[in-house]
Amino acid sequence: MRAVVARGYGGPEVLEIVDVAIPEPGPGQVRIEVEAATVNPVDLATRSGALAEAGLMAPRAITGMGWDVAGSIDRLGPDVSGFAVGQRVIGLRDLLDRSLGTYADYVVLDATAVSPIPAGWSGVEAATLPLNGLTAAQALDLLGLREGDTLLVTGGTGAVGGFAVELAARQGVRVLAQGSDPAFLHSVGAHWTLPREADLATEARRLVPGGVHAALDTAGLGARALAAVRNRGSFVTVVGGADPIPLRGIAVHHEWIHADGGTLARLVDQNLTTRVADTLPLADAAVAHERLAAGGFSGRLVLTP
């Protein structure tokens, strides 16, 4: 089968398509024939060596690329129940230091990391949900918000931010979303919006006197976002190195994503808003990395075999 790997670290030029044996599922695992794999910023950080430099993964000569996947189960490992060959699923690979990722024709995942997807779902759209949807859901769990609470989401028009706004609003939380597309933010449930260039703390406290109950910082603003939170509130960042000092009794957390098929199934049931900017063939993985690095578009880039 074909798989995209990074040979060493560097720019998109270190990405290669290699021919490797189709992996076999072990106990508790399923093998998925890939329909689509999303290209995410963490893939660029993996390829460049930034994650290895930060100690988030062991340095490797060859690194498999890709976290998100949508496809069909084509083989079950021993001791797997609840899934069937031919069933369409989505899943997340959360082990970084591996020679194969989801940019491939086939991928093996733990059965606990996948969820069925409904008939009629596009594999391309479904593949955009696991990494970013789970990050948003797990971050919101850390905040422990209740109905009627107020939440600031920075980077609300990004992939994690957009899901976070939508999930929080559906829980009855009043969301103040910062981002470049107010129409989109209101469409997914934001109560208030602020542009990216706003004086965040001043404007947030104008809209929510005393400050918001909590903040989910997907843009890496750190102390700037913390200043919008009321005393003894809650703060979560999903950006490495953006953890602010927990001033004023604010509980500060960092969300480190983990695969969770049960939560993924609940996200599927909510029919969240997915956004696809473009699809590219697996052979154009390097082009996709170049485009993601350049930015200037909304939604995810998705690779298809």
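Here, residue 1 is the first one in the sequence, and each next residue gets the next number.
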Item checked: From CA spacing to verdict: salt bridge (Lys or Arg N to Asp or Glu O under 4.0 Å), Glu125, Arg275 -> CA-CA 7 Å; Glu125 291 181 323; Arg275 292 173 289 162; over 6 Å; no
Note to self: Pair Met1, Val20 - check side chain to side chain contact (heavy atoms under 4.5 Å, CB included), show working.
What the structure shows: CA-CA 5 Å; Met1 73 166 193; Val20 297; 3.7 Å; yes
Next item on the list: Assess whether salt bridge (Lys or Arg N to Asp or Glu O under 4.0 Å) is satisfied between Arg93 and Asp68, documenting all intermediate values.
Entry: CA-CA 7 Å; Arg93 178 189 75 114; Asp68 290 311; over 6 Å; no
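Between the side chains of Thr154 and Asp217, a donor-acceptor pair is found at a separation under 3.5 Å. The closest side-chain donor-acceptor pair between His254 and Thr237, if any, does not fall under 3.5 angstrom. Between the side chains of Thr273 and Glu166, at least one donor-acceptor pair of N or O atoms lies under 3.5 Å.
Listed by chain and number, the hydrophobic cluster partners of Leu95 come to none, as no ILVMFWY side chain reaches under 4.5 Å of it.
Here the straight-line distance linking atom CZ of Arg230 with atom OG1 of Thr150 works out to 5.0 Å at 0.5 Å rounding.
For the pairing with Val69, the side-chain contact (heavy atoms from CB on, under 4.5 Å) check across Val89, Leu109, Val114 returns one residue only, Leu109.
Here the closest heavy-atom approach between residue Asp260 and residue Leu134 is recorded as O-CD2, 3.8 Å. In terms of heavy atoms, Gly133 sits closest to Phe163 at N-CD1, 3.5 Å. The two atoms that bring Ala127 and Thr38 nearest to each other are O-OG1, 2.6 Å, heavy atoms only.
Note on Val208 and Leu216: separate hydrophobic clusters, where clusters join Ile, Leu, Val, Met, Phe, Trp and Tyr whose side-chain heavy atoms are under 4.5 Å apart, directly or indirectly.
Look at Arg60 and Asp97 and you find no salt bridge, because none of the NZ, NE, NH1 or NH2 atoms lies under 4.0 Å from a carboxylate O.
The main-chain N or O of Leu51 is never found under 3.5 Å from a side-chain atom of Glu53 such that the two would form a donor-acceptor pair.
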